Amino acid sequence: MTPWSATVLTLFPEMFPGPLGLSLSGKALATGLWSLETVNIRDFAVDKHNTVDDTPFGGGPGMVMRPDVVDAALASVEDRPGPVLYLSPRGPVLDQALSAELAAGDGVTLLCGRYEGIDQRVLDKRNIREVSLGDFVLSGGELAAMALLDASLRLLPGYMGAEASLDEESFSSGLLEYPHFTRPASWDGLDVPAVLLSGHHENIRAWRLEQAERITRDRRPDLWARYCGQEGGGDEIAKGAMSAR
Ligand code: 4FN
């Protein structure tokens, strides 16, 4: 089987695989479920000092990644499967739907910026999609790229040790997670809700759904609205919720 292909263009290839080399993603990398190729953008520099950045036209702070160097790096990986994405705060925020879409494909190529970003002309010329992790300042796209990869990798068929864990999770239903408890049943004077010790599976399911709905409604009105607007589809928890309202 040909592995799901991740290609990362970066000025800091030493950052990879980083955390993706550990735990389940590390095991899946070692067993060939996915492959990782890093491309050092600096290898495509054309001057004797290996310059990758230059001062911005029009003035202003910081430096900009040179279009010729980034374009040459992208040209070297043109045959890789899947879309090319630029991790950028200007893109739509990554969500579970895009993660699933990428996981269902053959791979992805991720372009990581540094400094103030990349000369706009490369992005325009190659029609590169931008994807953001959220609204905060990062020093570079690499950590966002790792988060994006983690989100897709765990959806690859055969990734999970115990396949079961995926479909009951919050985002497959669109709900946040219900509260979790483990032993001991009483800890520091705090008791686990009695229903969870009852062995009554239907009551447990109903309690968890109620909790997940309350938490989602209280904390994430945006997710709650989307959840209420979806008819059918989703998993058993979600279907149960629709008929319970
Ligand atoms: N960030 C903001 C506004 C203006 C600039 C930034 C910013 C790294 C190359 C981009 C940041 C956040 C989420 C990539 C932020 C992400 C990045 C990301 C990112 C160096 C240029 C830069 C208003 C969002 C705070 C630096 C807001 N997801 N510029 O962070 O790459 O993917």
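This one's a predicted model, so the numbers in the text were calculated from it and none came from an experiment. Whatever order the structure lists ligands and atoms in, that order sets their numbers, starting from 1.
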In short, Tyr227 meets Gly174 closest at the heavy-atom pair CB-O, 4.3 Å
Scanning both residues in full, the closest heavy-atom pair of Tyr115 with Arg42 reads OH-NH2, 4.0 Å
If the cut-off is 4.0 Å to any non-hydrogen atom of [X], which atoms of ligand 1 fall inside it?
| X | value |
| --- | --- |
| Leu87 | 14 (C), 31 (O), 32 (O) |
| Glu116 | 21 (C) |
| Ala144 | 14 (C), 28 (N), 32 (O) |
| Gly117 | 9 (C), 21 (C) |
| Val131 | 32 (O) |

Does [atom] have a protein non-hydrogen atom under 4.0 Å from it?
| atom | answer |
| --- | --- |
| atom 22 (C) of ligand 1 | yes |
| atom 4 (C) of ligand 1 | no |
| atom 14 (C) of ligand 1 | yes |

Logged contact type for Ser88 with ligand 1, heavy-atom cut-off 4.0 Å, is backbone
Does Ser139 reach ligand 1, in the sense of a heavy atom lying below 4.0 Å from it?
yes
Restricting to heavy atoms, the pick from Gly91, Gly113, Gly141, Pro89 nearest atom 10 (C) of ligand 1 would be Pro89
shortest atom 20 (C) of ligand 1-to-protein heavy-atom contact is with Tyr115 O, 3.3 Å
Go through it in stages, so that I can follow the logic: the residues are Leu133 and Leu148, the test is side chain to side chain contact (heavy atoms under 4.5 Å, CB included), and I'd like the CA-CA distance, side-chain angles, deciding distance and then a yes or no. CA-CA 8 Å; Leu133 209 60; Leu148 179 148; 5.5 Å; no
